[in-house]
Structures are given as structure tokens and as C-alpha cells.
There are 2 protein chains.
Amino acid sequence: EQKPKQTTLHPTHRQVEQHPSTHTGSAHRSWTHSRFRPPAPRDGVEASFIYPSRPPLHSRRAHSFPRHCLLLRRDISMAAHMSAGGKKIVGVFYQAGEYADKNPDFVGCVEGALGIRDWLESNGHHYIVTDDKEGLNSELEKHIEDMHVLITTPFHPAYVTAERIKKAKNLELVLTAGIGSDHIDLLAAAAAGLTVAEVTGSNTVSVAEDQLMRILILLRNFLPGYQQVVKGEWNVAGIAHRAYDLEGKTVGTVGAGRIGRLLLQRLKPFNCNMLYHDRIRINPELEKEIGAKFEEDLDVMLPKCDVIVINTPLTEKTRGMFNKEKIAKMKKGVIIVNNARGAIMDTQAVADACSNGYIAGYGGDVWFPQPAPKDHPWRYMPNHAMTPHTSGTTIDAQLRYASGVKDMLDRYFKGEDFPVENYIVKEGELASQYK
Amino acid sequence: EQKPKQTTLHPTHRQVEQHPSTHTGSAHRSWTHSRFRPPAPRDGVEASFIYPSRPPLHSRRAHSFPRHCLLLRRDISMAAHMSAGGKKIVGVFYQAGEYADKNPDFVGCVEGALGIRDWLESNGHHYIVTDDKEGLNSELEKHIEDMHVLITTPFHPAYVTAERIKKAKNLELVLTAGIGSDHIDLLAAAAAGLTVAEVTGSNTVSVAEDQLMRILILLRNFLPGYQQVVKGEWNVAGIAHRAYDLEGKTVGTVGAGRIGRLLLQRLKPFNCNMLYHDRIRINPELEKEIGAKFEEDLDVMLPKCDVIVINTPLTEKTRGMFNKEKIAKMKKGVIIVNNARGAIMDTQAVADACSNGYIAGYGGDVWFPQPAPKDHPWRYMPNHAMTPHTSGTTIDAQLRYASGVKDMLDRYFKGEDFPVENYIVKEGELASQYK
């Protein structure tokens, strides 16, 4: 995995939250106010959320071959299409606003723009960045017709529909800054001869860590305890009557790809019974090292598990797969962690099973759609440990996927292939797991 | 470690929290209402919180030797004092109230009474259980003069002061259901010739798991994300700008006893740099296996750590040890996890350093005093992950320490020694780590 840089924790930690009861000395107060006041927003951030820094180039020289040639003439390398002239690159990221200047390593936001603006512009490319992605009047929509490259993220997904692909006449490359390209209509992208790629491995560790955290939060019943503290209460029984150790419990992962395996490795010293279900069994040596037992039949595994972790990609096969019937096959009192994709679950079935206590805890950071609307039932169901989509966008992960995107852009400009594991669609052909 | 029983998650999970937006079918509703309505409280629970089930025996036969003889005549075994007649045993636990009947394994509360009432009473002993522990008019105080055995827990500590020990003329044995006997004046207990023992190992795994959970919660900035969800918000940047992976960070434990080592073992697959400070270096073979580097000088270790975990007992040497000066030796932006004892920290110094951002996150379940008052500054400081004292009282831990207490009572009745590692004070003599 890419490790471009060792992060320093909170390098310019300027955030000062003040509470009267924790604030004492006046000398301290004035120091806080003078040195740690929030920085002024960068010019234009609040006004537009967009960072155009030069007029569009509108150079069409790179398109001496019409795009459909990519489908017809595979023997012609990408280099022929892309070596000449500046490209128009559009990035859709979440907006940082007041948080933009709190951390120089915070590159995953609109303002940080993956830290590649200077590099792109000094190489003659045009780089538009926005968080405005929905509907025909969005900023993204304005650039669809003439952009060559679109960079999106799973955290603030720009839904790349068949309509948008049809409209994007110059589009050649769609990059996911992160992992998971299900916000892109992959069949339409393939039919249009596009290349879709992600930064495989860039945030697998980040997500696996987060999964283990959520297992512990739910099993150990952390959140009611935290809420008691904040509300001025103290009731140990209210927490302890449904708090358990992870040790000795049975944990099953549905999917044991990169993230699932990293989770199993981290679970090992917790002395759980570990199970995994996948299309393909892990080779015997690695399986033994990981220490998890293969379950060929998902329906046989589900009733054995105290904790179930979802680690499958969202495909047409997995969409809505955990519906009422599938949940009923699980053990009563099960804990579910899903950092994969929200749409793998039947939203209402999960909310109902949490409400009637069949599911004892549900945690994750993925929803459908994203951002989750205010009335999404998972916001209100009991015993949840939900957050917005963040587990793969830690500062460490941002630096890795920013570095991976830069690497792929560099190869694209030079006409070189990407690392093979990054491809979702390569010049119109779907990678095997999406077929 | 004791493993008396494999727990089943949420075996009688009758808790039904309902929310209008997650509740749909009416058939479902009526099923929920009929089968899952909260059970009626047990008789007398709400009224008294006490479970006296027979009149006090007031048998003094067991006390044919005055207690000070234990100090003067070490050669006389405990058996001589304790074999004859019924004992008066007082247990001070947290009260469960509405949660008492939600889980048959919930033995750590007043209502559960460690699950040893039938056994004690059928053997002719008198067993009083209460949560009312503070002041001269408390239920505990009423029984101090004639009780033989006092069972306390760290989760709802009955402070066993020198005055109480002086008053407790019949007291022979003080057992901690759990680990950590700092709520007992150990010097006074030793001077009075008492035996103080705990169930060593009963909840070390529970606490180590909790520590790792809190490290992840703070490093990955989980709580602001959860709060956004509950409040109907969605702001990835508000979380991501200060969220980090655990991988690659430096974690140091202050103290590498039983819990510290279990934590280090669980941390190993996370690929951190692990450091430990202790009075004694771990033997080279085990140190290599654990993979942590020994730091002889605490002040040399502190500035290296992104995360510091407190794993020392509270003694007169460690009381208030992390004050303003010690915190200033840590790295700015440090994360601290303390599940050891609240009084190891200078309360206001921690609150101030969280408020000005020097400490980026503070998490734990220990406070001084306990229960924490409503105006305790740690309830209000920013970036905390605090709960009431619960990490060592999971259902699994309760079953283990209840089993350990029963075992020691059985040995006490028979005049047998306890497992040597359980002793804090043995017949007036302090265990080595408390000297």
C-alpha cells in the first residue's frame, strides 16, 4: 500500500472549543483568543466552493480520435489520445468550509483539492474542483460536456449516471479518490469506452480499523455511557446489562477481500471465533495464518454469528441483499457492522429489526443516498453507531489516495498503464469482479 | 483467567425502544407490545434497594479469637477463625432498577447480588446487599459494626476509610468484585489485620478491549460523526480534518502489567510503534513477542507518544501524577486513554489541556470521585470519550468476578488460602506492589 508520508497528529490544531466550567485562568484565556482564533476562510471559499484559476483551455487537439475508437481499436494505446495538450480535469469532493485551514494535510476536501493543483496547472492542465454535484444546475453539470477527467470520492459521491456519461463527450477517465466506484454506472461507462479506476489499497487499513472500532462500540455498549456523561447522569447498570467482551464471540465477515482480511488479522488477538464467507476460499496457508474458518454457504454462517461485518462491494448481485428474510436468518441479538455500502442493506428492514431488538446494534458509515437525508431512518433507530461516510477519509487515507490519484494522472498524461489492481473498467472492459 | 461460562449475547433482550419513523406494520407493533413489554420490577427493588432475606444471625462464635490476634499470631491459620457458624456478608454494588430483569447473566448489580445468595444462605450465612454507601445514615454504615465480610466493586466504590475500619469490629475480609482496591484505605486495613483481595484477571481482557476501543474512537474522531447523525447533520470535513489511522502512530503505555500487556498484544496487528514504561522490564523473550520497546524514563517516553494509555494502579506514588507539568512533557495533540483510576490525573489540568487543544482527546471510564458529580469538568471538556465506570463490568466480566468472589468465600469458609495473586493485603501484610 502507498504510504506517501508519515502524518503528524493535529499539526496545526487550532480548534478551541470553550466551555465555561473548564475554563479558569484569564491569562490562558487571552492566549487562547489571540493565538488560536479560527483562521479567516480562504478567498472565495464561502462564495463559490469552486477553484477555477484559469480560463478553460477548450483544446480539442487531444481528441484527434473520436472516443468510440477506443472500443473499436484496442490496439491503439491511450498515449495517442492523451499525450498532447492540456486536459480539463474536474474533481468533486466534500467541502471543508471552516475546517479547511485547520490541518495542512487535509487534502481530501474541495479546498485541499488533493494537493495536486500546482502540479496540474504547471503542466498546462485545467483543474476545476467543486462539491456541487446534484441536478442539472449543479457546477459539475456545467463541466460535464467538455471535461476529460472526472475525479470523484465515495464520501461525497458524484453519481455518474448513463445520462451524464452520454453528455460527457470528451470524458476519457473517471478516477475514484478512495475505493468503491458504485456511484458510477459501470455498464454505461464500459459501453462508452471509458476507463474507471480507483486507488486500491489506499484506505483499506483505515476502514478495517474503523470496523473493529464499531464492533467494540456496539458490543461494549459504549454510546449509552457517553450519553450519560454528557447529560450529567451516572447509571452503570444502564450500560452493563447489555455490555459484552469481544473475546469468545463469533465474528463472521461477509466478504474476505482486502478489507475483510485486514479486519480478521486485527481481530486475531481478541480470541474470537472467526468465520468468513466469500466466493473464493483463501489459500490454505494464508487461511491458517489468518485463523478464520471458511463458510461456503452464507445462510449456514449467519445464524452462528454474534457479530456480522459486511465486506462485499455493491454490485447488482449484492444490492438490497440483507432484507427482512436474510436478517431473520441471523441470531437474535446480532450486531452488524457495515462500512461497505448502505444499499447492500434493505434500509427499512434494518431499522425495523433494530427497533424491535432483533438486531442488538448496527454500526457503519455508509448510507443510501449520501449525504443521508435528515429523515433517513437509520438516524433514529435505537442502538446504532452511525456516522457520515468517513472511515476511508482519515488524514492518512487522504494522503494515500491523493498520492494514488496523482500517480494515475501522471501515467494517463504519459500514456502508461495504471497498476492493474486499480482498474474497474479499462478502456471499456469491466474488471472481472464487476462482470 | 476464569471463564465460568460462555455468554450468549442479549439472551433475554426485552428492551424495545420505539421511534415513530422506524415503526411500520401494525402486526409487528402488536407483537412487540405483547412479547417485549418491559418486565415488572422484582418485589421490593424500587422500595429499598436491599435484599435482606432473613434476620441477622448475630452469631459471634466465629470470633473466639479477637481480630488483633491475626497480627500477633500468624501461625494460627485463618481456619480457626472462620470455620464455625454463619457469617454476615455485606455486598455493595450498583443498583440495576429497571435493567435488573433484562438479562439473567446480569449478576454484578444489587439485584443480581453476584448470583451467590442461595449458596450463601443455604450454608447458613447472612447476606445483605445494597447500593447505599455514602455517609453515616447509609445502609452500609448500619452493618459496618457487625459484618464479617465486605464485598465492594470499583464501579460503585464503597470507600472503606480508616474510620469505617475502626468501627468494623468483626470485619475480617474485604473482597473486591473486580480489580482495583484503591477505594480501601489499605494501610488502615493492614494495621487492623484484615485481608483484602480482588479477583485478579477477572476483567483484564474487558478493560484492554475497552482501551483499544477508546484509542480508536479518539484517533478516528468517531464521536463528532455520531453527533452529526443524531442531529440530522452531514459534514464529512468536520470529522475528517482531525481523523487519523492508528497504523503508524506511536502508542505508549504507562504500566505494562496484566492489562497493559493484553492491550499491547491486541495493538500488535495495527502496526503501531509500541512503547512501554514500567518499574520492571518485561523478560526479553516476552518483550520480543509483544513487540513493544521498554522506556526506562517516563519523561523520555512521553514526548514520543501520539497516544498514551495509563495502566498503573492508584497508589500514593501515582496519585495526581499527571499534572500540568507532566502533561506539558507530552506531544501537543496527544491522545490519552485512562481506564486505570481517575485520581492518577490532575482533574483540572486534564480539562484545561483539552480545552486549549494541547490534549487532542481524552477517554476513559474512571473518575474521582465516583459516581462523578454533575459538575465534574470532564463531562464538559471538548474531545472527550468518557463513560461511567463500566469497562470492567461487561456481562462476561461480571460472571468471571462473581465466580472468583464465590471461590474466595468458599476458601475463606474452609480456612484455605486464596490464589496468591488475588491478595492485596494478606492478614495485615500489604502485597509487594502496594508497599
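Chain letters run A, B, ... following the sequence lines, proteins first and then strands; every chain starts at 1. This is a predicted model, so every value here is computed, not measured.
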Chain B interface, residue from A:W367, A:F106, A:W234, A:F155 that has the most non-hydrogen pairs under 4.5 Å
A:W234
Please determine whether a side-chain nitrogen of the Lys or Arg among A:R379 and B:E233 lies less than 4.0 Å from a carboxylate oxygen of the Asp or Glu.
no
Give, for atom NZ of B:K268 and atom NZ of A:K268, the distance between the pair rounded to the nearest 0.5 Å.
10.5 Å
Please classify the contact of B:A208 with chain A as side chain, backbone, both or neither, using a heavy-atom distance under 4.5 Å.
neither
A:V229 side chain reached by B:P388 side chain, heavy atoms, under 4.5 Å:
yes
Please examine the side chains of B:R266 and A:L212, heavy atoms only from C-beta on, and report whether any two atoms are closer than 4.5 Å.
no
Heavy-atom distances under 4.5 Å only: say whether A:H384 touches chain B with side chain, backbone, both or neither.
both
Shortest non-hydrogen contact from B:A237 toward A:A96
CB-CA, 3.4 Å
At what distance, to the nearest 0.5 angstrom, does OG1 of B:T394 lie from NE2 of A:H241?
13.5 Å
Would you mind reporting whether B:M213 and A:I217 have side-chain heavy atoms less than 4.5 Å apart?
yes
Between the side chain of B:D396 and the main-chain N/O of A:Y244, is any donor-acceptor distance below 3.5 Å?
no
For the backbone of A:L246 and the side chain of B:E209, can you confirm whether one donor and one acceptor N or O come within less than 3.5 Å of each other?
yes
Contact part of B:F270 toward chain A, heavy-atom cut-off under 4.5 Å: side chain, backbone, both or neither?
both
Given B:K231, B:M386, B:K374, B:Q398, the one with more heavy-atom pairs under 4.5 angstrom with chain A than any other is B:M386
Return the CD to OG1 distance between B:Q227 and A:T387, rounded to the nearest 0.5 Å.
12.0 Å
Report yes if some heavy atom in the side chain of A:Y94 is under 4.5 Å from a heavy atom in the side chain of B:N235; otherwise report no.
no
What option among B:A397, B:C109, B:P373, B:A385 has the most heavy-atom pairs under 4.5 Å with chain A?
B:A385
Chain B contacts, top residue of A:P371, A:G363, A:A372 (heavy-atom pairs, under 4.5 Å):
A:P371
Flag, side chain of A:E247 to backbone of B:S206, donor-acceptor distance under 3.5 Å
no
Less than 4.5 Å to any heavy atom of chain B: does that hold for the side chain of A:L223, its backbone, both, or neither?
side chain
Ranked by heavy-atom pairs below 4.5 Å to chain B, first place among A:I239, A:V236, A:L216 goes to A:V236
Segment of B:I215 engaging chain A (4.5 angstrom heavy-atom cut-off)
neither
Checking B:D210 against chain A: side chain, backbone, both or neither under 4.5 Å from a heavy atom?
both
Any sub-3.5 Å donor-acceptor pair from B:R220's side-chain atoms to A:S391's backbone N or O?
yes
Taking only Lys NZ, Arg NE, NH1 and NH2, and the carboxylate oxygens of Asp or Glu, determine whether A:R400 and B:D245 approach each other closer than 4.0 Å.
yes
Engaged part of A:F222 at the chain B interface, taking heavy atoms whose separation is under 4.5 Å:
both
